[in-house]
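Order of the sequence lines sets the chain letters (A, B, ...), proteins ahead of strands, with each chain counted from 1.
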2 protein chains.
Amino acid sequence: MKKNEINSIEIARIAGVSRSTVSRVINNYPNVPQATRDKVMQVIEQYKYSPNFSARIMSGMKTRTIGLFLISPEEVFHDSLTNSLITGFIESASNQGYYVLTHIIRNTRDSEVLRKVKETFYQQRIDGGVFIGAANHEPLIEELIAEGYVVGIIDQHIEGRNEPNRVICNFGNDQGMKQGVDYLASLNHRRIGFIAGDPLRCSGPEKLEGFKAAMRSHGLAVNPEWIIPADFSEKSGYNSVKQWLSHVKELPTAIFACNDSVAFGALAALQEAGLCVPGDISLMGFDDHLLSSRIQPALTSIHVDFAEMVDTLASRLIKTIEEPDKEFKKYVGTTELVIRESCRAI
Amino acid sequence: MKKNEINSIEIARIAGVSRSTVSRVINNYPNVPQATRDKVMQVIEQYKYSPNFSARIMSGMKTRTIGLFLISPEEVFHDSLTNSLITGFIESASNQGYYVLTHIIRNTRDSEVLRKVKETFYQQRIDGGVFIGAANHEPLIEELIAEGYVVGIIDQHIEGRNEPNRVICNFGNDQGMKQGVDYLASLNHRRIGFIAGDPLRCSGPEKLEGFKAAMRSHGLAVNPEWIIPADFSEKSGYNSVKQWLSHVKELPTAIFACNDSVAFGALAALQEAGLCVPGDISLMGFDDHLLSSRIQPALTSIHVDFAEMVDTLASRLIKTIEEPDKEFKKYVGTTELVIRESCRAI
DNA sequence: CTGAAAGCGCTTACAG
DNA sequence: CTGAAAGCGCTTACAG
């Protein structure tokens with residue numbers, strides 16, 4: 001039933017040349033006279049011939065395909081931020097003529113899965129890969145980079161690892177935390193809590209340190225009781241704050257959440273406990289999630305540009321694949337305070 | 001730098017067997033004694049050997065990869081519904097051990113792009129493909145199906161086309177429109193307008209016909225002046241309603257939008273014109289978009305289960321790829337009325 | 001400028 | 001149960 005029976009031998013025969021010449025035409029080699037080129041092209045057009053993909057790869061050509069690996073233990077269908085990260089990346093790559101091979105990794109401890117991911121690189125199914133949601137020191141990623149593959153990573157920083165095939169995209173967490181704390185301080189808050197993100201991810205500790213530094217710069221004390229451990233999910237925001245409320249002795253006047261999803265969860269927990277935001281306690285997020293302007297109260301947050309980030313990531317990755325150089329590339333996205341309704345002056 | 005130098009010849013040599021036997025072990029053929037199998041497996045494990053992907057395809061094996069083609073003339077990064085469709089599909093496929101090769105098609109009239117999509121099938125980069133956002137009669141899709149490829153399509157219905165390699169997933173548009181009109185009628189609305197979707201897409205005319213049929217069943221007249229043409233985007237909802245308001249003589253008491261995105265746009269246009277929803281006019285959507293419960297007023301809508309749909313689509317497509325049969329498969333998702341605040345009794 | 005031939009790394013009849 | 005060999009369809013030195 002399916003038939004793409006025509007191959008380069010047939011094309012060569014019909015055009016009255018050799019396969020070598022057909023190949024030269026296909027690949028736009030310069031050493032083919034225009035007349036020959038035209039003759040061959042015409043046959044190619046006529047028979048709608050296109051060279052077999054696998055055969056080309058077997059002879060060492062590039063795949064023009066990028067692997068996109070999303071690490072997420074949980075279902076991701078309803079997480080609009082992750083979704084737009086994925087789609088945004090595919091969109092950028094598509095615009096540059098690349099296909100994206102996406103796979104979701106549930107568990108980075110499952111050696112079978114790890115094996116399959118590495119095979120994707122080994123078998124030349126992809127020219128390079130991108131990881132989203134990985135721990136900062138994920139061994140899988142470090143191995144791939146050590147082996148010379150081009151790897152893009154969102155949210156990673158490892159001191160002194162500056163290989164040219166390591167393409168990093170982060171946001172300015174220090175800057176963002178400072179903008180948030182500056183704003184809260186300007187509203188006269190001095191007792192500020194922080195919901196911390198996943199300590200294994202780069203931005204978890206980075207945001208926590210940024211928070212502490214920003215507090216110090218205002219001469220404000222960081223109360224360890226008000227550092228609430230969580231990860232980056234809405235659910236963890238809810239659970240952590242709920243549990244924290246059950247034992248905390250004295251409340252801060254404001255809480256800074258490591259991201260907006262966590263803030264949504266925190267908001268639900270606070271409201272459930274009968275606390276009004278921002279009446280009783282101010283709440284600030286980070287990311288400027290799609291929903292943040294829609295919820296009640298609209299969430300004050302730190303805006304970051306995910307669309308630009310994934311676009312930059314795709315472009316740099318492709319550039320590194322096509323023209324490898326010796327230069328290490330690292331993108332740090334800017335952050336911007338967006339004032340809405342969830343924080344009030346006291 | 002990159003090295004996966006070991007191949008089946010080496011493995012065979014080290015294990016003291018032939019490549020044929022190595023291949024038999026890899027592919028789990030029954031005619032290999034356990035002792036031989038163990039011996040070979042041990043060498044494979046030891047050298048972390050994995051057979052070259054392209055070479056396997058060249059010898060006729062499956063790719064375990066599905067193509068996902070999203071047709072969208074516009075940027076899709078901020079469209080959370082499309083995003084979750086894509087991610088949901090990838091998620092389902094991943095769970096079944098398949099990779100998804102995604103590409104975004106900006107323009108189905110660009111023959112260069114069309115060519116590349118078809119090549120993806122011809123070159124056996126994928127075992128089957130899925131199209132989202134296609135016109136009901138998209139020739140590209142019909143050609144691929146005619147050539148025997150397994151193709152999944154969201155939102156298509158062509159009378160009499162029941163090939164077993166055509167995997168269709170729709171929602172019950174008739175049923176949904178009826179539920180919506182029934183509800184509006186129960187609120188005593190008799191003058192109901194409709195914002196129609198893209199006429200080239202299957203669900204565009206289907207919803208319009210469903211609307212008319214439902215109106216008839218209540219003995220209500222359909223005023224042609226209140227049928228507002230649009231496509232399925234928020235922007236078109238806004239523009240169409242804005243323009244419509246500028247010339248419509250008399251307003252209906254309720255408007256049914258072909259989907260929630262369009263309803264969001266319509267809502268903005270109505271509010272801009274000083275009309276209050278639902279005070280002055282009731283508004284009803286379709287899809288139960290992630291945002292519908294969050295906006296002001298929360299949008300009454302027809303709920304459909306996209307997550308289940310893409311999951312079903314992935315499963316059926318994979319089943320059709322792996323065990324082709326003679327049976328035509330068509331999924332029709334159920335619809336359910338979700339009452340919120342945007343419609344009032346009159 | 002161009003062709004014959006090697007090489008890429010598998011799988012699978014075929015023969016034993 | 002197992003191996004030698006053909007075949008998949010390209011690209012690219014190599015030689016002319």
Side-chain angles (χ1 to χ4, degrees), chain A residues 2-41 43-44 47-65 119-127, chain B residues 2-41 43-44 47-65 119-127:
Chain A
K2 305 167 201 177
K3 61 295 154 114
N4 189 30
E5 337 82 310
I6 195 108
N7 59 21
S8 69
I9 297 188
E10 277 299 287
I11 296 293
R13 200 181 48 72
I14 297 166
V17 297
S18 71
R19 291 148 79 203
S20 313
T21 299
V22 172
S23 184
R24 288 188 186 101
V25 170
I26 292 271
N27 293 300
N28 255 309
Y29 278 32
N31 54 348
V32 181
Q34 194 59 42
T36 312
R37 185 180 301 277
D38 289 346
K39 188 174 59 180
V40 174
M41 274 311 287
V43 179
I44 288 175
Y47 289 85
K48 293 183 190 308
Y49 165 71
S50 71
N52 181 287
F53 184 70
S54 298
R56 303 188 89 184
I57 295 181
M58 291 264 310
S59 13
M61 305 206 78
K62 297 282 189 182
T63 67
R64 291 188 73 82
T65 303
E119 280 179 9
T120 312
F121 284 83
Y122 292 160
Q123 298 173 156
Q124 296 186 56
R125 291 183 72 165
I126 54 179
D127 295 336
Chain B
K2 304 168 202 179
K3 58 308 156 96
N4 189 28
E5 336 84 306
I6 194 109
N7 59 20
S8 70
I9 296 188
E10 276 299 288
I11 296 292
R13 199 180 49 71
I14 297 166
V17 296
S18 72
R19 289 149 79 201
S20 315
T21 299
V22 172
S23 185
R24 288 188 187 102
V25 170
I26 292 272
N27 294 300
N28 257 308
Y29 279 30
N31 54 348
V32 181
Q34 193 58 45
T36 312
R37 186 181 300 279
D38 289 346
K39 186 174 60 180
V40 174
M41 275 311 288
V43 178
I44 288 175
Y47 288 85
K48 294 182 188 309
Y49 164 72
S50 72
N52 181 287
F53 184 71
S54 299
R56 303 187 89 182
I57 295 181
M58 293 265 308
S59 13
M61 305 206 78
K62 297 282 189 180
T63 67
R64 292 188 72 82
T65 303
E119 281 180 8
T120 312
F121 286 82
Y122 293 161
Q123 298 175 156
Q124 296 185 56
R125 289 183 73 165
I126 54 179
D127 295 335

Checklist entry - A:T120 and B:F53: side-chain contact (heavy atoms from CB on, under 4.5 Å), yes or no, with the steps? => result CA-CA 8 Å; A:T120 312; B:F53 184 71; over 6 Å; no
Item to check | Given DNA chain C, 5'-ward residue of the pair B:R24 and B:N52, judged by closest heavy atom | outcome: B:N52
Checklist outcome for this item: The nucleotide from D:dG3, D:dT11, D:dC8 with an atom nearest the side chain of B:M58 is D:dC8
Item to check | Euclidean distance, atom CD1 of residue B:I11 to atom P of C:dT11 [Å, nearest integer] | outcome: 12 Å
Next on the checklist: Is A:S8 close enough to D:dC10 that one of its side-chain N or O atoms is under 4.0 Å from OP1 or OP2 there?
Outcome noted: yes
Checklist entry - Do A:Q123 and B:S50 pass the side-chain contact (heavy atoms from CB on, under 4.5 Å) test, and can you show the C-alpha distance, the side-chain angles, and the key distance before you say yes or no? => result CA-CA 8 Å; A:Q123 298 173 156; B:S50 72; 3.8 Å; yes
Checklist entry - Roughly how many Å is it from CD1 in A:I9 to P in D:dT11, rounded to a whole number? => result 12 Å
Next on the checklist: Would A:V22 and A:V43 count as a side-chain contact (heavy atoms from CB on, under 4.5 Å) here? Give the steps.
Outcome noted: CA-CA 10 Å; A:V22 172; A:V43 179; over 6 Å; no
Next on the checklist: Within the 4.0 Å heavy-atom criterion, would you say A:T21 contacts the bases, only the backbone, or no part of the nucleic acid?
Outcome noted: sugar-phosphate
Next on the checklist: Just to be sure I understand the geometry, which residues of residues 26-39 of chain B put a non-hydrogen atom under 4.0 Å away from DNA chain C?
Outcome noted: B:N27, B:Y29
Checklist entry - What pair of heavy atoms forms the shortest contact from A:Y49 to A:I6, and how long is it? => result CD1-O, 3.7 Å
Next on the checklist: So, using side chain to side chain donor-acceptor pair (under 3.5 Å) as the criterion, who are the partners of B:S8 when residues are at least two apart?
Outcome noted: none
Checklist outcome for this item: Whole-Å distance, A:I57 CD1 to C:dG9 C1', equals 13 Å
Checklist entry - Rounded to the Å, how far apart are A:K62 NZ and D:dC10 C1'? => result 17 Å
Item to check | Span that lies between the C1' atom of D:dG16 and that of D:dT12, in whole angstrom | outcome: 16 Å
Checklist entry - Side chain of A:R19: nearest nucleotide among D:dA6, C:dA6, D:dG3? => result C:dA6
Checklist entry - Rounded to whole angstroms, how far apart are CG on B:N7 and C1' on C:dG7? => result 12 Å
Checklist entry - With no hydrogens and no angle check, is any side-chain donor or acceptor of A:N7 less than 3.5 Å from a backbone partner on A:I9? => result yes
Checklist entry - Which pairs, with at least one residue in residues 13-25 of chain A and sequence neighbours excluded, count as a salt bridge (Lys or Arg N to Asp or Glu O under 4.0 Å)? => result A:E10-A:R13
Item to check | A:S59 vs D:dC10: side-chain N/O to OP1/OP2 distance below 4.0 Å | outcome: no
Checklist entry - What are the two closest non-hydrogen atoms of B:V25 and B:R37, and how far apart are they? => result O-NH1, 3.9 Å
Checklist entry - Taking only side-chain nitrogens and oxygens of A:S18, does any of them come within less than 4.0 Å of OP1 or OP2 of C:dG3? => result yes
Checklist entry - Is there any salt bridge (Lys or Arg N to Asp or Glu O under 4.0 Å) pair reaching into residues 49-59 of chain A, and which pairs are they, with sequence neighbours excluded? => result none
Checklist outcome for this item: Taking Watson-Crick and G-U wobble contacts under 3.5 angstrom, with | marking pairs to another strand and [ ] crossing pairs, the secondary structure of DNA chain C is written |||.||||||||.|||
Checklist entry - Roughly how many Å is it from CE in A:M61 to C1' in C:dG7, rounded to a whole number? => result 15 Å
Next on the checklist: I need the CD-P distance between B:Q124 and C:dC10, as an integer number of Å.
Outcome noted: 17 Å
Item to check | Euclidean distance, atom CZ of residue A:R56 to atom C1' of D:dC8 [Å, nearest integer] | outcome: 16 Å
Checklist outcome for this item: Sorted by chain and number, sequence neighbours left out, side chain to side chain contact (heavy atoms under 4.5 Å, CB included) with B:S59 holds for none
